[in-house]
Undergrad: 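If you scroll down you'll find the structure; I have some questions about it.
What you are looking at is a predicted structure, and each value in this text was computed from that prediction instead of being measured.
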Amino acid sequence: SGQSKEEHFDLLVLSIGMEPGKNLSDLAALFHMELSDTGFVHSTCPAVGSLWKGIFAAGTVLGPMGIDESIASAGKAVWDVVTYFDTEKR
């Protein structure tokens, strides 16, 4: 319309949608990982399972998440790796 409009807000949130990488389905098939309906690695797949032995998913491969969630997800993956190696040593 070519008209200028001015508004005042207490908060403005800008967000970009996130979708799975183009080759995630190929990678998931290669490692026998289950994908969710949204195309991300299924978050309920066990980190250490019969098909997942030694494979650990973290961050936005599991779905859209912020930096803090990605860091927490990485921390969990590290814990899963430590647990995995501890179990393998026995």
Undergrad: I'd like to know if M18 and I67 are part of one continuous hydrophobic network [Ile/Leu/Val/Met/Phe/Trp/Tyr, side-chain heavy atoms within less than 4.5 Å].
TA: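 No, it is not one cluster - the side chains of I67 and M18 are not joined through contacts under 4.5 Å.
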Undergrad: Check the hydrophobic clustering (I, L, V, M, F, W, Y; side-chain heavy atoms under 4.5 Å; chains of links allowed) and say if W79 and F85 are grouped together.
TA: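 No, no single cluster joins them.
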Undergrad: How many angstroms lie between atom CG of L24 and atom CD of E19, to the nearest 0.5 angstrom?
TA: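 Here the rounded value is 11.5 Å.
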Undergrad: Pair F56, V81 - check side chain to side chain contact (heavy atoms under 4.5 Å, CB included), show working.
TA: CA-CA 7 Å; F56 305 89; V81 169; 3.5 Å; yes
Undergrad: Would you name the heavy atoms of A58 and A77 that are closest together and state the gap between them?
TA: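 Smallest interatomic distance, heavy atoms only, reads CB-CB, 3.7 Å.
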Undergrad: Keeping the roles fixed (side chain from S73, backbone from E69), state whether a donor-acceptor pair exists under 3.5 Å.
TA: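 Looks like no, no N/O pair under 3.5 Å.
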Undergrad: Same cluster or not: are M65 and I71 linked, directly or through other Ile, Leu, Val, Met, Phe, Trp or Tyr residues, by side-chain heavy atoms under 4.5 angstrom apart?
TA: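 Unlinked, M65 and I71 end up in two clusters.
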Undergrad: I want to check something: taking the side chain as every heavy atom from C-beta on, are T38 and P20 in contact at a cut-off of under 4.5 Å?
TA: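 When only atoms from C-beta onward are counted, P20 and T38 do not touch, as no gap falls below 4.5 Å.
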Undergrad: Just by distance, do the side chain of S36 and the backbone of H42 share a donor-acceptor pair under 3.5 Å?
TA: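 Absent.
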Undergrad: Which residues, ordered by chain and number, are linked to F9 in its hydrophobic cluster, where ILVMFWY side chains connect at heavy-atom gaps below 4.5 Å, directly or through other members?
TA: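 Under the 4.5 Å side-chain rule, F9 groups with nothing.
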Undergrad: Establish whether L62 and L27 are linked, either directly or via other cluster members, by ILVMFWY side-chain heavy-atom contacts under 4.5 Å.
TA: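 Yes: a chain of side-chain contacts under 4.5 Å links L62 to L27.
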Undergrad: Check for me, please, whether V78 and Y84 land in the same ILVMFWY cluster - side-chain distances under 4.5 Å, paths through other members count.
TA: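 No, V78 does not connect to Y84 through the hydrophobic network.
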Undergrad: Under the side chain to side chain contact (heavy atoms under 4.5 Å, CB included) criterion, do M33 and I55 qualify, and how do the steps go?
TA: CA-CA 9 Å; M33 295 184 289; I55 299 173; 4.2 Å; yes
